[in-house]
Participant: 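Supplied in structure tokens, the structure appears directly below.
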Amino acid sequence: MSLRFYNTLTQELEEFSPAEGKTVRMYTCGPTVYHYVHIGNFRTFTFQDILRRTLIARGYVMDHVMNITDVEDKIIRNAMAAGQTLKEYTSQYTQAFLDDSALLRLQRPERLVFATEHIDDMAAAIGKLAASSHTYVSEGSTYFRIGSFPEYGKLSHTNFSGNIAGARVQVDEYDKDDARDFVLWKAQKPGEPGWETPLGPGRPGWHIECSVMAMKYLGETIDIHTGGVDLIFPHHENEIAQSEALTGKRFVRYWMHAQHLMVEGQKMSKSLGNFYTLRDIVERGYQPESIRYLLASSQYNKQLNFTFDGLKAAATSIERLRNFDLRLKNDRLAAGLNAEMEERSARALADFHAGLDDDLNTADALAAIFEYVREANTALDAGQFLAGNVASAGRLLAEFDAIFEVLKPTGTAGSLSDAEIAGLVEERAKAKKSKNFARADGIRNELLEKGVVLEDTKDGVRWKRK
RNA sequence: GGCGCGGUAGCCAAGUGGUAAGGCAGAGGUCUGCAAAACCUUUAUUCGCCGGUUCGAUCCCGGCCCGCGCCUCCA
């Protein structure tokens with residue numbers, strides 16, 4: 001089976017292959033760093049992480065660019081209110097975003113690019129658009145004239161050709177020729193930060209940064225462009241207009257959009273007060289990998305309703321997989337190889353990848369893993385899982401974890417060392433031998449309080465960090 | 001109104017024209033000093049509703065109802 005992705009542009013499931021060789025040129029719309037990003041944002045970033053990891057597992061080499069929007073209305077407003085420079089203000093949230101991403105085990109894109117470091121590139125691009133009469137100036141700001149781009153609307157599948165669309169909002173949009181026109185360069189207002197360019201003093205509009213940085217680093221036609229569904233219109237529509245007006249070439253081959261994370265059936269938003277940051281979740285005692293699993297475990301193309309019950313279920317599901325992993329490492333197995341188990345692991349592996357290949361159907365992929373784990377546990381209980389079967393089972397888990405990466409617990413600072421734990425485990429074993437169960441249970445509880453779980457198995461004591 | 005995503009067991013969630021994956025939760029059992037883990041059994045005669053096509057539809061067609069998102073900054 002081949003890799004297939006749903007392309008927003010064509011509204012079809014398409015077989016994926018990069019334009020050139022094994023390199024995938026991918027652009028991701030990153031955060032606007034005026035605040036801590038919430039877990040809804042991270043749903044989209046987690047989708048992108050699963051996407052890259054799937055491509056890498058397929059043998060592709062990523063050239064992935066993510067932007068950080070570090071100049072924008074809210075940033076300017078907040079920074080001015082805080083008496084900080086843009087840089088001072090945004091750097092703290094950029095760092096928070098990177099920290100949270102690391103906690104969620106999101107792979108760093110090959111390049112992280114900042115809007116404020118590409119002002120000249122943007123000014124040059126806008127100048128070029130002006131030279132080919134795609135723009136006009138109004139009150140010191142430069143606008144893109146969508147009437148100059150006949151294909152406008154092709155991504156969001158909206159027909160703007162009539163005159164009805166513009167008529168409705170013309171009242172309050174006096175400075176634009178057409179209500180759908182968007183700003184490329186905003187004139188500087190008194191007291192606001194700005195840049196001196198041939199376009200006059202001001203700052204870039206939001207859309208131009210993505211077009212310019214994507215093409216600067218990835219070329220005029222890129223393979224994959226991702227974001228949340230809310231970016232389809234107008235942001236990505238505008239990116240297409242600018243980019244294709246500039247180059248005359250197709251800007252993006254595959255457009256992929258993640259559906260939103262919901263909370264209690266509603267979109268996460270500040271006005272509803274129903275948004276959570278990763279920090280909020282971690283403070284409540286949940287592991288970051290539980291959120292990662294929750295966000296990754298259903299297909300990106302479907303709305304996902306966030307609940308704490310779901311988060312708990314995610315944590316338990318991870319535990320099940322970790323326990324199986326521990327069994328593989330700790331159980332004493334008879335020598336030999338059970339051919340049937342080999343077949344089952346091979347089938348699970350194939351099903352796992354088939355699920356991912358099918359437009360990142362992670363729910364389906366996961367089912368293959370769990371089904372195998374149950375089969376293997378049954379065989380382990382029955383003594384039919386042999387030493388020779390460990391390798392293929394381990395490989396299956398490794399390939400699973402190369403995508404989902406949830407098996408390793410997030411280390412908690414100040415916990416006991418392995419040696420200390422081993423000492424207590426030893427002491428408990430002695431207590432048990434002399435039937436001093438009170439002491440034995442005492443040690444177990446003591447360790448539990450420090451985040452270490454002891455489990456007696458027929459092959460001896462096994463422990464794990466919670 | 002336009003465009004899009006959905007409506008499958010208590011919750012989350014796959015799926016196929018031939019009789020419903022997987023996870024979590026619940027119940028009973030096996031194992032165990034206890035616990036944990038693991039396993040077994042059990043939990044949808046039914047897949048929003050109504051028609052149609054078919055030997056047969058949850059899956060195809062038509063209509064309808066409901067939820068959500070975008071259409072203004074937004075992952």
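Basis for what follows: all heavy atoms, side chains included, without hydrogens, waters or symmetry-related copies. Note that this is a predicted model, so its numbers are computed, not measured. Chain naming here is simple, since letters A, B, ... match the order of the sequence lines and numbering starts at 1 in each.
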Participant: Assess whether one donor atom and one acceptor atom, taken from the side chain of A/Asp456 and the base of B/rC34, lie less than 3.5 Å apart.
Facilitator: yes
Participant: Salt bridge (Lys or Arg N to Asp or Glu O under 4.0 Å) with A/Lys312: which residues, sequence neighbours excluded?
Facilitator: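 Salt bridge (Lys or Arg N to Asp or Glu O under 4.0 Å) list for A/Lys312, sorted by chain: A/Asp309.
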Participant: Got a sec, which residues hit side chain to side chain contact (heavy atoms under 4.5 Å, CB included) with A/Gln11, two or more places apart in sequence or on another chain?
Facilitator: A/Tyr6, A/His157
Participant: With RNA chain B as reference, determine whether A/Glu319 or A/Pro31 sits nearer its 5' end, using the nearest nucleotide of each.
Facilitator: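 Looking at RNA chain B, the more 5' nearest nucleotide goes with A/Glu319.
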Participant: Not counting sequence neighbours, which residues clear side chain to side chain contact (heavy atoms under 4.5 Å, CB included) with A/Ala440? List them please.
Facilitator: A/Arg428, A/Ala431, A/Lys432
Participant: Hey, what are the protein-to-nucleotides 5-10 of chain B N/O distances that come in under 3.5 Å?
Facilitator:
residue: B/rC5; atom: O4'; partner: A/Gln259; partner atom: NE2; Å: 3.4

Participant: Can you name the side chain to side chain contact (heavy atoms under 4.5 Å, CB included) partners of A/His257, sequence neighbours left out?
Facilitator: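 In terms of side chain to side chain contact (heavy atoms under 4.5 Å, CB included), with neighbours along the sequence ignored, A/His257 is linked to A/Thr8, A/Leu155, A/Val229, A/Ile232, A/His236, A/Trp255.
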Participant: Just jot down the side chain to side chain contact (heavy atoms under 4.5 Å, CB included) partners of A/Thr32, sequence neighbours excluded, or say none.
Facilitator: A/Tyr34, A/Thr69, A/Glu72, A/Ile75
Participant: If the threshold is 4.0 Å, N to carboxylate O, is there a salt bridge linking A/Glu289 and A/Arg292?
Facilitator: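 A/Arg292 and A/Glu289: not salt-bridged.
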Participant: Just distance, no hydrogens or angles: give the donor-acceptor pairs under 3.5 Å from side chains in residues 375-388 of chain A, sequence neighbours left out.
Facilitator:
residue: A/Glu375; atom: OE2; partner: A/Arg344; partner atom: NH1; Å: 3.2
residue: A/Glu375; atom: OE2; partner: A/Arg347; partner atom: NH2; Å: 3.4
residue: A/Asn377; atom: OD1; partner: A/Arg327; partner atom: NH1; Å: 3.0
residue: A/Asn377; atom: ND2; partner: A/Val373; partner atom: O; Å: 3.3
residue: A/Thr378; atom: OG1; partner: A/Arg374; partner atom: O; Å: 2.9
residue: A/Asp381; atom: OD1; partner: A/Arg327; partner atom: NH1; Å: 3.2
residue: A/Asp381; atom: OD1; partner: A/Arg327; partner atom: NH2; Å: 2.9

Participant: Is the ring of A/Phe437 stacked on the base of B/rG33, with centres less than 5.5 Å apart and planes under 30° off?
Facilitator: yes
Participant: What does the 5'-to-3' dot-bracket notation of RNA chain B look like when only Watson-Crick and G-U wobble pairs under 3.5 Å count, and pairs to other strands show as |?
Facilitator: (((((((..(((.....[...))).(((((.......))))).....(((((..]....))))))))))))....
Participant: Can you tell which of B/rG33, B/rA13, B/rG69 lies closest to the side chain of A/Ala363?
Facilitator: B/rA13
Participant: Can you tell me the distance, in whole Å, between the OH atom of A/Tyr300 and the C1' atom of B/rG4?
Facilitator: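 Computing the A/Tyr300:OH to B/rG4:C1' distance gives 13 Å.
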Participant: Answer with base, sugar-phosphate or nothing: what part of the nucleic acid does A/Thr158 contact at a heavy-atom distance below 4.0 Å?
Facilitator: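 The residue A/Thr158 makes no contact with any strand.
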Participant: Name all pairs fulfilling the salt bridge (charged side-chain N to carboxylate O under 4.0 Å, His left out) condition that reach into residues 294-305 of chain A, sequence neighbours left out, sorted by first residue then second.
Facilitator: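 The answer is none; no pair qualifies.
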Participant: Which nucleotide wins on minimum distance to the side chain of A/Gln266, given the candidates B/rA75, B/rG69, B/rC39?
Facilitator: B/rG69
Participant: Who are the ring-ring contact (aromatic ring centres under 6.0 Å, His included) partners of A/Phe233, not counting sequence neighbours?
Facilitator: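 If we apply the ring-ring contact (aromatic ring centres under 6.0 Å, His included) test to A/Phe233, skipping adjacent residues, the hits are A/Phe160.
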Participant: Using the test side chain to side chain donor-acceptor pair (under 3.5 Å), find all partners of A/Glu343 that sit at least two apart in sequence or belong to another chain.
Facilitator: none
Participant: Using a heavy-atom cut-off of under 4.0 Å over every strand shown, decide if A/Arg428 touches base, sugar-phosphate, or nothing.
Facilitator: base
Participant: Would you mind checking if A/Arg4 and A/Asp357 are paired as a salt bridge, meaning a charged N to carboxylate O distance below 4.0 Å?
Facilitator: no
Participant: Ignoring hydrogens and angles, does a donor from either the side chain of A/Asp364 or the base of B/rG22 sit under 3.5 Å from an acceptor on the other?
Facilitator: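 A donor-acceptor contact between them is absent.
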Participant: Under 4.0 Å between any heavy atoms, over every strand shown, what does A/Leu454 touch: base, sugar-phosphate, or nothing? Just pick one.
Facilitator: base
Participant: Give the rounded distance in Å between these two atoms: CG of A/Leu231 and C1' of B/rC3.
Facilitator: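 So the two atoms are 16 Å apart, to the nearest Å.
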Participant: Taking the nucleotide of RNA chain B with the closest heavy atom to each, which residue, A/Ala440 or A/Gly227, is nearer the 5' end?
Facilitator: A/Ala440
Participant: Salt bridge check: are A/Lys430 and A/Glu427 linked by an N-O gap of less than 4.0 Å?
Facilitator: no
Participant: In whole Å, what separates the C1' atom of B/rG48 from that of B/rU8?
Facilitator: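 Nearest-Å result for B/rG48 against B/rU8 at atom C1': 10 Å.
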Participant: Report, one pair per line, the protein and nucleotides 23-31 of chain B atoms (nitrogen or oxygen only) whose separation is under 3.5 Å.
Facilitator:
residue: B/rG23; atom: O2'; partner: A/Ser317; partner atom: OG; Å: 2.2

